Structures are given as C-alpha cells and as structure tokens.
Protein chains: 2
Amino acid sequence: MFHQTTDQRVALFLADGCEEIEALTVADLLFRAGIPCTTVSVKDTKTITSSHSITITADTTLEELDPEEFSMLVLPGGIPGTPNLAACPKLMDAVASFARRGQDGKAVAAICAAPSILASLGLLTGKKATCNPCVEEYLDEHGAKRTWARVTVDGNLITSQGMGTAIAFGLAIVEYYLGHAAARDLGNKILYRK
Amino acid sequence: MFHQTTDQRVALFLADGCEEIEALTVADLLFRAGIPCTTVSVKDTKTITSSHSITITADTTLEELDPEEFSMLVLPGGIPGTPNLAACPKLMDAVASFARRGQDGKAVAAICAAPSILASLGLLTGKKATCNPCVEEYLDEHGAKRTWARVTVDGNLITSQGMGTAIAFGLAIVEYYLGHAAARDLGNKILYRK
C-alpha cells in the first residue's frame, strides 16, 4: 500500500542497459517513503532490458511525459544505459532546465556514470558532486568540485557513486523531501547500516 | 556481457509482492560474478508485480522449471511475496529437498521474511540463521539458532535480514561459489562499504 506523504513527484528514467539496482532502489525507497515516483522508459515502448538482462516495464514513456509535472528527475547509471539516456534530447533539455531552476523547486539526481551527463551539459561547473570512478576524470575536466563520498548534495543536485551506494542515494532523495529523521527511520526499517 | 565463471546455476524465484531489490540485487551481483542466474516466476505467466509496483518479466516459470538443473534456490522476501512463494507446493518440495542435500551440492538462500519459509518446513531446527525482525519470533519458535547478522551461512543455508542487507546477501552467494577474494573484489568494484 502506498501512503503519499508529499505532493512532490519524482520521474525515474529507464533505458536499455541501465543499472537496475541503481534505478529500482530509488523506486523502492520512494514508495516506502510515500513520495510518488513514476518510472519512465526513454524508448518508444515501456519495456526495457537492464544491463544485467532484467526485463522491466515502466509506468510510461518519455514521449508521453510532461516533465513539468515533476519536481525531480533521476538518472541511473549503467552502460549503455547512461549513453542511452544522454541520447534523448527531450530528457537532456529537461535535465538542463531542472538543474538551473532550483528556485522553482526543480532538482536532478544522478548516480554512477550518470553524473557525467550533468557534466556534459555544463551543469557541474563549480558544483560539488560525486560519481563512479569510471567518470571521475570527466567530471574533473568539466569543472566539478568532485568528492569521494557515497552521496553528495549541492543545492538541487544529488549525485552518488554506484550500485553499492544506491541505498544511500535513495535515502538522500527521501531526506531532500522529507528531512533527516524520515530518511534515518527508513534506513533503520530496511536494516541499512552505513 | 556475461562471462560465466562456474557451472553452478542459481534459480531466483519471483512472486507478486516480492521485494524487488532483495530479488534483483542477487541477479545483478551473480551476473557480474559470472554465476548463471535464472529468474523464475511462480505464476503461470512470466510477469510479476513487486511489492512496490515494479513490473518485472522473469526468464521462465516454475511450471516449466526442473529444479534439479540448479544448485541453489533463492527466496526473496516481501509481503505478500513470501506467502505467495510458500503457497507453491512444487517450490516447497524443492526447497525442502535442496536444504537436506548439501552433500549433493544443493543449497538454499532466503532473505527478509523468507527464512520463515525454511522454518515452517522444519529446516532451521538447530541451524544458525538470520532474518527480518518481523519473523524473528517465528524462527525462534521453530528452533533456529537465530543471529543478529546481515548474513548468516550455516552449511548450505544462507539467510539475510532485508532490503538494506541485500548486497551483503548477494555477495555471500558469490563467496559461496567463488570464494572470499571474488566477493571482496566485486564488493569493491560496486563501491560497497560494510
């Protein structure tokens, strides 16, 4: 049963080759926290195949989506999931717009290789961010103040390192909307230890 | 790309209401480790809906499966996923048989509420096991030597606590087949810290 706790809505983008745990851990934790999360295939069809051959059917497709109905866009990593996300102009336009409109309550979260998408759009210049080691140099070259943390939050940008930090990433999104106590309590409930 | 490292095969069972992260974290880590993992719907059809409304299509169904072709059966938790697994006689027969045939290389792994299935089959009497707090008393009543650990391995039985320990659970299965160094290296690769 889903008990909604906020009017904020999160859109989680799924591409062929996305890292399924990085993606679905966010969906799982937001469901538990009562934060509406819509899974969005970036393909013409709703069904995608993850980087580890898991078949997942999303709630909707990018083509059907009005990003403005959401307050946060979440980009999971994985190869070729990340380049497949980067190849969607409609998504890239929304990501760039959201990242620059923190004052309107818009936010972007990216994990693993996906922070490289934010870097490529020029959104990390002078911003604190973390990422997977495979794209560290790329973030450095694009002016990010890169950290070695599971999760880094700089204003309306949330970044994380990879599959092994996916729970910390999801809990950071819960904390972003519902505060520290809610995230801590949820972490305890799922038996998560840092 | 999947690079197979062992002839051992793992069957991962999916029911409506299963906890998707507990299930798919195992599939993800085994894929990375090169251990063949088949996802198995316990329904007549391959597509299930998880406890947090994620739609997943399994590789096959329980009806089409010959459990003897596998060496390990994995039971994720979630409600009503766990009772839905317990309601499958063919699966319960295989679980009971596998648990008692460690000498034949058969093994069973269960996480969250699913260790209660092993308890209900009388398989945990005198065995060390861990589980979700929601079924601790049930394991105690059925004679388990219950631990408060992320993961407990007793012979051919691997148990774990819940979503927040799913990576530790998956890595324990990797260690079971490929040894400590392989599990440690995979944990490091995904940026997992205990």
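Values reported hereafter were calculated over all heavy atoms of this structure, with side chains retained and with hydrogens, waters and symmetry mates removed. For clarity, every value in this text was computed on a predicted model and none was experimentally measured. Residue numbers begin at 1 in each chain, while the letters A, B, ... track the order of the sequences.
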query: Hey, what do you get for OH (Tyr192(B)) to CZ (Arg150(A)), rounding to the nearest 0.5 Å?
result: 9.0 Å
- line: Here the pair of heavy atoms bringing Leu191(A) nearest to Pro133(B) is CD2-CD, 3.8 Å
- request: Please answer: with hydrophobic residues joined when any side-chain heavy atoms are less than 4.5 Å apart, are Val135(B) and Leu123(B) in the same cluster?
  value: yes
CG (Asp66(A)) with more than 12 external heavy atoms under 6.0 Å: yes
- prompt: Taking atom NZ of Lys189(B) as the centre, does the number of heavy atoms from other residues, nucleotides or ligands within less than 6.0 Å exceed 12?
  reply: no
message: Between Thr25(B) and chain A, with a heavy-atom cut-off of 4.5 Å, which part of the residue counts as in contact: side chain, backbone, both or neither?
response: both
- request: Against chain A, label Ile21(B) side chain, backbone, both or neither, depending on which of its atoms sit under 4.5 Å from a heavy atom there.
  value: both
statement: So, the part of Ser51(B) with a heavy atom under 4.5 Å from chain A: the answer is backbone
query: So do Met163(A) and Asp28(B) actually touch side chain to side chain, heavy atoms under 4.5 Å?
result: yes
- request: Determine whether Leu75(B) and Leu12(B) fall in the same hydrophobic cluster, where Ile, Leu, Val, Met, Phe, Trp and Tyr are linked whenever their side-chain heavy atoms lie under 4.5 Å apart.
  value: no
field: Pairwise side-chain contact, Ser53(B) with Phe31(A), heavy-atom cut-off 4.5 Å (strictly under)
entry: yes
task: Find out if a path of hydrophobic residues (ILVMFWY) with successive side-chain heavy-atom gaps under 4.5 Å connects Leu157(B) to Leu85(B).
output: yes
- prompt: Around Lys128(B), counting heavy atoms of other residues, nucleotides and ligands shown, do more than 12 lie under 6.0 Å from its NZ?
  reply: no
query: In terms of hydrophobic clusters joined by side-chain contacts under 4.5 Å, are Tyr176(A) and Phe13(A) together?
result: no
- prompt: Non-hydrogen atoms of chain A under 4.5 Å away: do they reach the side chain of Leu24(B), the backbone, both or neither?
  reply: both
task: Look up atom CD1 in Ile54(B) and atom CD1 in Ile54(A), then write down how far apart they are to the nearest 0.5 Å.
output: 13.0 Å
field: Test log, rule side-chain contact (heavy atoms from CB on, under 4.5 Å), inputs Thr55(A) and Lys46(B)
entry: CA-CA 10 Å; Thr55(A) 304; Lys46(B) 292 199 283 185; over 6 Å; no
- line: CD1 of Ile56(B) to OG1 of Thr57(A), rounded to nearest 0.5 Å, is 9.5 Å
field: Atom CD of Glu68(A): over 12 foreign heavy atoms under 6.0 Å
entry: yes
task: Please determine, among Arg193(B), Glu20(B), Gln161(B), the option with the most heavy-atom pairs under 4.5 Å with chain A.
output: Arg193(B)
query: Just wondering, are more than 12 heavy atoms of other shown residues or ligands nearer than 6.0 Å to NZ in Lys145(A)?
result: no
- prompt: Are His52(A) and Leu30(B) side-chain neighbours, meaning at least one heavy-atom pair lies under 4.5 Å?
  reply: no
